[in-house]
Chemist: 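I have a structure here, written as structure tokens, and I will follow up with some questions on it.
Because the structure is predicted, anything quoted here is derived from the model rather than measured. Read the numbers this way: they start at 1 and go in the same order the structure lists the ligands and their atoms.
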Amino acid sequence: MGYPALIINTAKIRNNTKLLVDKCKKHNIDVAGVSKVFCAMPEAAKAMVEGGAYMLADSRIENGKKLKDIAVPKLMLRIPMLSQVSDIVEYFDVSLNSEYETIKALSEKAVEKGKQHKIILMVDLGDLREGVWHEDAVDFAGSILQFKGIKLLGIGVNLTCYGGVIPTNVNLNQLVSIAEQIEKKYNIKLEVISGGNSSSLHLLDKNQMPERINQLRLGESIVLGFETAYGERIEGTHRDAFTFAAQIIELKSKPSVPVGEIGMDAFGQKPVFEDRGTIKRAILGAGRQDIRVEGIVPRDGNISILGASSDHLIVDLTDCQKEYKVGDIIEFDVTYGGLLSAATSDYVEKVIV
Ligand SMILES: *Cc1c(COP(=O)(O)O)cnc(C)c1O
């Protein structure tokens with residue numbers, strides 16, 4: 001096995017998915033498993049489907065291609081670029097949308113390919129990322145019903161992504177109300193009301209999820225076991241489905257403060273140091289080209305991260321009970337940002353267990 005490595009435990013992903021799917025099922029909510037943070041590695045995506053995700057959702061065409069052979073519908077999460085419409089219709093059954101021109105182009109492309117592409121109209125309830133402004137949503141929905149190549153599957157919202165707005169009974173009921181106005185005005189039925197991402201889960205336990213919300217798009221809660229409105233752990237989920245592992249390449253006792261005049265580090269920052277005398281320093285064969293260093297946490301709680309450059313990660317082993325030596329592997333938990341960086345880096349070996 002090569003290092004640094006991202007170790008992916010598919011059984012834990014499957015278990016986490018199942019726990020959340022069962023929780024959601026009690027409220028008649030289907031779970032779309034979001035694969036973007038692990039770059040849609042098919043083994044991990046498959047584990048989501050085995051755990052009960054009825055759909056796989058991703059933000060990248062490249063990832064949609066990787067998911068091609070997994071037999072569930074695919075949902076494009078990011079509002080499509082006009083330059084992508086052909087691939088969207090090819091690799092995704094459903095996409096989230098908010099722009100008339102793009103929906104028109106998707107319709108034309110779908111007709112050309114003899115397909116029908118489904119869309120979920122995104123409504124902005126105030127988080128200020130994607131979506132038609134809530135006051136305009138009913139009229140906007142009416143304007144796209146004419147298109148032959150698309151079907152308006154439903155409406156949806158994304159919260160806690162840009163503005164940090166927390167999903168509540170109030171704003172999600174507002175979404176349901178918009179859906180019902182659309183249904184009434186145009187005499188149609190909306191199959192899906194998509195109530196957001198992992199930040200909406202807290203409403204389930206509080207019994208505050210509006211009844212007609214019937215889909216959630218879950219990423220972080222499945223892969224790391226956190227709800228994301230308040231950052232709480234979800235009871236019964238595994239925190240360690242993903243592990244970042246790096247190997248010790250040098251281990252020496254050295255001062256805690258550099259010797260000489262201090263200029264800038266490799267990233268243009270002027271570092272500051274606390275003098276703790278001589279400490280046991282290890283260099284790991286990993287760096288910022290592999291991992292977002294702020295996004296990893298040593299599993300050995302006595303290890304602290306001192307810093308990193310492109311290829312070197314320096315840790316303090318002074319307080320460790322364990323006698324580490326050169327060649328040993330240090331394991332880390334990952335945050336969402338840490339996982340995203342490790343999954344994305346070509347230099348990190350991906351190991352499925
Ligand atoms: C990434 C994303 C999700 C998943 O968010 P998590 O917080 O990881 O659950 C859901 N919806 C959209 C539109 C996204 O971009």
Chemist: Specify whether F38 and F242 have parallel, tilted or perpendicular ring planes, treating 30° as the upper limit for parallel and 60° as the lower limit for perpendicular.
Modeler: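 Parallel: the ring planes of F38 and F242 meet at under 30°.
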
Chemist: State whether R299 and D333 are salt-bridged, where the test is any N-O pair (Lys NZ or Arg NE/NH1/NH2 against Asp/Glu carboxylate O) under 4.0 Å.
Modeler: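 Looking at R299 and D333, the cut-off is met.
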
Chemist: Near R129, which atoms of ligand 1 are under 4.0 Å from a heavy atom of that residue?
Modeler: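 The list of qualifying atoms is 13 (C), 14 (C), 15 (O).
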
Chemist: Tell me, which protein residue and heavy-atom name are nearest atom 8 (O) of ligand 1, and how many Å apart are they?
Modeler: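 I find the closest protein heavy atom is E220 N, 2.8 Å.
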
Chemist: Which residue supplies the protein heavy atom nearest to atom 15 (O) of ligand 1, what is that atom called, and how far is it?
Modeler: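 Nearest protein contact, heavy atoms only, for atom 15 (O) of ligand 1 is K36 NZ, 2.7 Å.
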
Chemist: If you measure every N/O of S198 against every N/O of ligand 1, is any gap under 3.5 Å?
Modeler: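 Yes, since at least one N or O of S198 sits under 3.5 Å from an N or O of ligand 1.
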
Chemist: Does R217, backbone or side chain, put an N or O under 3.5 Å from an N or O of ligand 1?
Modeler: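 Between R217 and ligand 1, an N or O pair is found under 3.5 Å apart.
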
Chemist: What part of V34, side chain, backbone, both or neither, has a heavy atom within less than 4.0 angstrom of ligand 1?
Modeler: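 Within the 4.0 Å criterion, V34 contacts ligand 1 through side-chain atoms alone.
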
Chemist: Working note: K26 + D22, criterion salt bridge (charged side-chain N to carboxylate O under 4.0 Å, His left out); need CA distance, chi angles, decisive distance, verdict.
Modeler: CA-CA 7 Å; K26 289 195 189 118; D22 289 347; over 6 Å; no

Chemist: Nearest protein heavy-atom contact for atom 12 (C) of ligand 1: which residue, which atom, what distance?
Modeler: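 Minimum-distance protein heavy atom for atom 12 (C) of ligand 1 reads N158 OD1, 3.5 Å.
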
Chemist: Heavy-atom distances under 4.0 Å decide this one: backbone, side chain, both or neither, for R78 against ligand 1?
Modeler: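 Neither part.
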
Chemist: What residue among S198, S200, C161, S221 forms side-chain contact (heavy atoms from CB on, under 4.5 Å) with T228?
Modeler: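 The option that passes is S198.
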
Chemist: Any idea which of D58, V157, N197 brings a heavy atom closest to atom 10 (C) of ligand 1?
Modeler: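 Among D58, V157, N197, the closest heavy atom to atom 10 (C) of ligand 1 comes from N197.
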
Chemist: Aromatic rings H202 and Y230: how do their planes relate, parallel, tilted or perpendicular, breaks at 30° and 60°?
Modeler: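 Ring orientation of H202 relative to Y230: perpendicular.
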
Chemist: Checking T237 against N16: is there a side-chain donor and acceptor pair closer than 3.5 Å?
Modeler: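 No pair is found: no donor N or O on one side chain lies under 3.5 Å from an acceptor on the other.
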
Chemist: One residue to check: M76. Relative to ligand 1, which of side chain, backbone, both or neither has a non-hydrogen atom less than 4.0 Å away?
Modeler: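 For M76, there is no contact with ligand 1 at all, from either part.
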
Chemist: Could you list which atoms of ligand 1 come closer than 4.0 Å to a heavy atom of E130?
Modeler: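 Under 4.0 Å from E130, ligand 1 has these atoms: 13 (C).
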
Chemist: Which ligand 1 atoms does L218 reach within 4.0 Å, using its non-hydrogen atoms?
Modeler: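 In order of number, 9 (O).
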
Chemist: Any salt bridge between K109 and E112, counting N to O under 4.0 Å?
Modeler: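 The answer is yes: the pair qualifies as a salt bridge.
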
Chemist: Salt-bridge test for D316 and R276: reply yes if a basic N is under 4.0 Å from a carboxylate O, no otherwise.
Modeler: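 Salt bridge: yes.
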
Chemist: Looking only at heavy atoms, what is the nearest atom pair of V34 and M48, with distance?
Modeler: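 For V34 versus M48, the nearest heavy atoms are O-CE, 3.3 Å.
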
Chemist: List ligand 1 atoms under 4.0 Å from L96, heavy atoms only on the residue side.
Modeler: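 That gives atoms 13 (C) of ligand 1.
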
